[in-house]
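Written below as structure tokens is the structure these notes are about.
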Number of protein chains: 2
Amino acid sequence: MKSQRVTVIGGGGKMGRFFTQWLTALGHHISILEQNDWERAEHLLADADLVLICVPIECSLEVIRKVTQYLSPTTALADITSIKAPAVRAMLKHHTGPVMGLHPMFGPSIQSLVSQIVVVCPGRGDESFQWLLNLIEGEGGKVMFSTPEEHDQMMVVIQAIRHFATLSFGIFLSEEKIDIRRSLDFSSPVYRQQIDIVNRLLTQSASLVVDIMLATQERREAIVRLANTYSRLAQLVMQGDREALLLELKAVNSFFAEEIACNFRESTCFINNLIPLKESLIKNRRVAENTEGIFHEYSL
Amino acid sequence: MKSQRVTVIGGGGKMGRFFTQWLTALGHHISILEQNDWERAEHLLADADLVLICVPIECSLEVIRKVTQYLSPTTALADITSIKAPAVRAMLKHHTGPVMGLHPMFGPSIQSLVSQIVVVCPGRGDESFQWLLNLIEGEGGKVMFSTPEEHDQMMVVIQAIRHFATLSFGIFLSEEKIDIRRSLDFSSPVYRQQIDIVNRLLTQSASLVVDIMLATQERREAIVRLANTYSRLAQLVMQGDREALLLELKAVNSFFAEEIACNFRESTCFINNLIPLKESLIKNRRVAENTEGIFHEYSL
């Protein structure tokens, strides 16, 4: 394949660096345009085959507007923010050439693309991006097509709601001053999994986590609905309303029934396979504790 | 080791059957006393070396009172309910012989005891239970000593709070009519893990799940506090109070800091090892879907 000229906007950020390193390693020519490089924008953008926008979510629309004035109509334009409808709309509006919304469902700490998902929201001129999608799939990644609207709706749950629930659980444990280490001694593998999930979220950039929750009115409202569900159920618990809780469980059971059927087997196998793995990790814990921790951003 | 005469109270229930089968396979003489067997209680209890109470949580105190009148002072008495302080207190009060509270942190569907935890709350005459603890450890299980009070406090979080949080998350997804299957297509491994956790909880006995949440006033109050935490944070989200949320994250981060340090490495390795496993499981999904599902109770 012909070597591509790619300009990564925000190439100094964590995901920007990830794509820069990955594409460079594959033999492409990468330029980086950072916050203070706009005077060189013409030079960095006019000849690019692909411009990839990797900037924080709250700047993405402004950066799209700024970038597009320098692009040639043949340049392919893509962004990687976690909200796709407004970004794809803005790219289509301000750029006449090929446009694609991307959302890599992983963070910059991954070791390989194997089994990692990239959501793809086609805008215009898909064929200009085919080399990139082929690279992702060639490295074992998975390309998932979606409309921007479906993507955004799914991310309300997959990102905003889940982060909120995980974070709140962690905050509750800290408010209650639970001895986490001791609680893990008592715990079944599933509790350990849940503490892991809290820990992973806490190793993320705090502002990214907060911005993902706050990003849209739709997300904020969904979070409030989630809190209302918790409150409603907590009231049933406080009243000791066993019958009402059993009815709730019955309803949710039938909703999940199909998923449970094929998932339970997976999950059992999953857990059974985790135990020996965890065992060896715990044995190595003392070693890990004596090593200074270096944290990476991790897949949301 | 000399073969022991063990009477399992509630030996027809799921955990009762588990212990019956396990101890029988190891060559011990097991008798079962079920709800309608009380007229044979004298015969079933008087000569037992160990009486193991495996009845639903809400009957355990009554059953302890009933059982103890038939015991000889040399009979070892243990129970396996998930609330230990009142059970151990009642056993010590009504029985003059050896007493031990046990809480197996697993469900009856486990394939082996390897890495499974049994919490042990010593009451009196520990040496009479040593053969049982040796058996558990001999099969790869882990014995965790605790006071009944510490155990109960830990279980507020490990069982009641966690079940409530998981269940509420599942109920919210059903209220929002999320297409779970489709959402998994988009998802990172961590989201898949969380859906698994919901699924696993839903395969449990509904009344066991509800009773675990309702069991004590302490648990109910903790659940209400959890709901309050969610509400408080949801309000910050609704107000778009980025600064306050960042402060919350900062506080919880320093609370979890120590745990994160040694856990993140575990967790990353964990996730990296899960991916290939999940892949092969997903490939087998079609097969699983065409097979009728048989569900087992699973470790809480």
Side-chain angles (χ1 to χ4, degrees), chain A residues 105 115 144 154 157-158 165 168-172 174 178 180 183 185-188 191 196 199-200 202-203 206 210 213-214 220 223-224 226-227 229-231 233-234 237-238 240 242 245-246 249 252-253 255-256 259-267 273 275 277 279 281 285 288-289 293 299, chain B residues 105 115 144 154 157-158 165 168-172 174 178 180 183 185-188 191 196 199-200 202-203 206 210 213-214 220 223-224 226-227 229-231 233-234 237-238 240 242 245-246 249 252-253 255-256 259-267 273 275 277 279 281 285 288-289 293 299:
Chain A
M105 297 299 296
S115 294
M144 246 285 301
M154 284 293 175
V157 172
I158 294 175
S168 304
F169 184 67
I171 289 174
F172 174 76
S174 77
I178 303 301
I180 306 288
S183 75
D185 290 340
F186 279 82
S187 83
S188 62
Y191 176 74
D196 277 351
N199 279 333
R200 297 194 79 78
L202 293 178
T203 58
V210 169
M213 296 191 298
L214 296 182
R220 298 181 193 197
I223 285 169
V224 170
L226 176 68
T229 299
Y230 290 129
S231 296
L233 295 169
V237 167
M238 201 57 207
R242 201 169 179 275
L245 287 164
L246 285 171
L249 254 160
V252 71
N253 238 306
F255 178 79
F256 271 85
E259 198 43 44
I260 292 170
C262 62
N263 216 302
F264 187 67
R265 235 181 242 86
E266 277 183 38
S267 181
N273 279 278
I275 292 166
L277 173 62
E279 284 306 290
L281 288 164
R285 212 176 223 212
E289 280 170 3
S299 158
Chain B
M105 296 300 295
S115 294
M144 246 285 301
M154 285 293 176
V157 172
I158 294 175
S168 303
F169 184 67
I171 288 173
F172 174 77
S174 78
I178 303 301
I180 305 288
S183 74
D185 290 341
F186 281 82
S187 81
S188 61
Y191 176 74
D196 277 352
N199 279 333
R200 297 194 78 78
L202 293 179
T203 58
V210 170
M213 296 191 298
L214 298 182
R220 298 180 192 198
I223 285 170
V224 170
L226 176 68
T229 299
Y230 289 130
S231 296
L233 295 168
V237 168
M238 200 59 207
R242 201 170 178 277
L245 287 164
L246 284 171
L249 255 160
V252 70
N253 238 306
F255 179 78
F256 272 86
E259 198 42 45
I260 291 170
C262 62
N263 216 303
F264 187 67
R265 238 180 239 89
E266 277 184 36
S267 181
N273 279 280
I275 293 167
L277 172 63
E279 283 308 290
L281 288 166
R285 211 178 224 211
E289 279 169 5
S299 157

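Lettering follows sequence order; numbering is per chain, from 1. As a basis for the values below, the full set of heavy atoms in this structure was taken, side chains included, without hydrogen atoms, waters or symmetry mates.
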Per-residue contact mode, A/Leu233 against chain B (heavy atom under 4.5 angstrom)
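Both parts, backbone and side chain.
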
Applying a strict 4.5 Å limit to non-hydrogen atoms, the region of A/Met144 in contact with chain B is side chain

Closest-packed option against chain B by number of heavy-atom pairs under 4.5 Å, given A/Leu245, A/Ile171, A/Val157
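Maximum pair count with chain B is reached by A/Ile171.
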
Measure the spacing between [atom1] of [X] and [atom2] of [Y] and express it to the nearest 0.5 Å.
X	Y	atom1	atom2	answer
B/Asn199	A/Phe256	CG	CZ	6.0 Å
A/Tyr230	B/Phe169	OH	CZ	7.0 Å
B/Arg242	A/Met213	CZ	CE	10.5 Å

Could you check if a side-chain atom of B/Leu202 sits within less than 4.5 angstrom of a side-chain atom of A/Leu249, using non-hydrogen atoms only?
yes

What closest approach, in Å, do A/Phe255 and B/Ile178 show between heavy atoms, and which atom pair accounts for it?
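For A/Phe255 and B/Ile178, the tightest heavy-atom pair comes out as CZ-O, 3.2 Å.
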
Ignoring hydrogens and geometry beyond distance, is a side-chain donor-acceptor pair present between A/Thr229 and B/Ser168 at under 3.5 Å?
no

Checked B/Ala234, B/Ser174, B/Ser187, B/Ala227 vs chain A; the most non-hydrogen pairs under 4.5 Å come from B/Ser174

Name the member of B/Ile223, B/Leu226, B/Val224 that forms the most heavy-atom pairs with chain A at distances under 4.5 Å.
B/Leu226

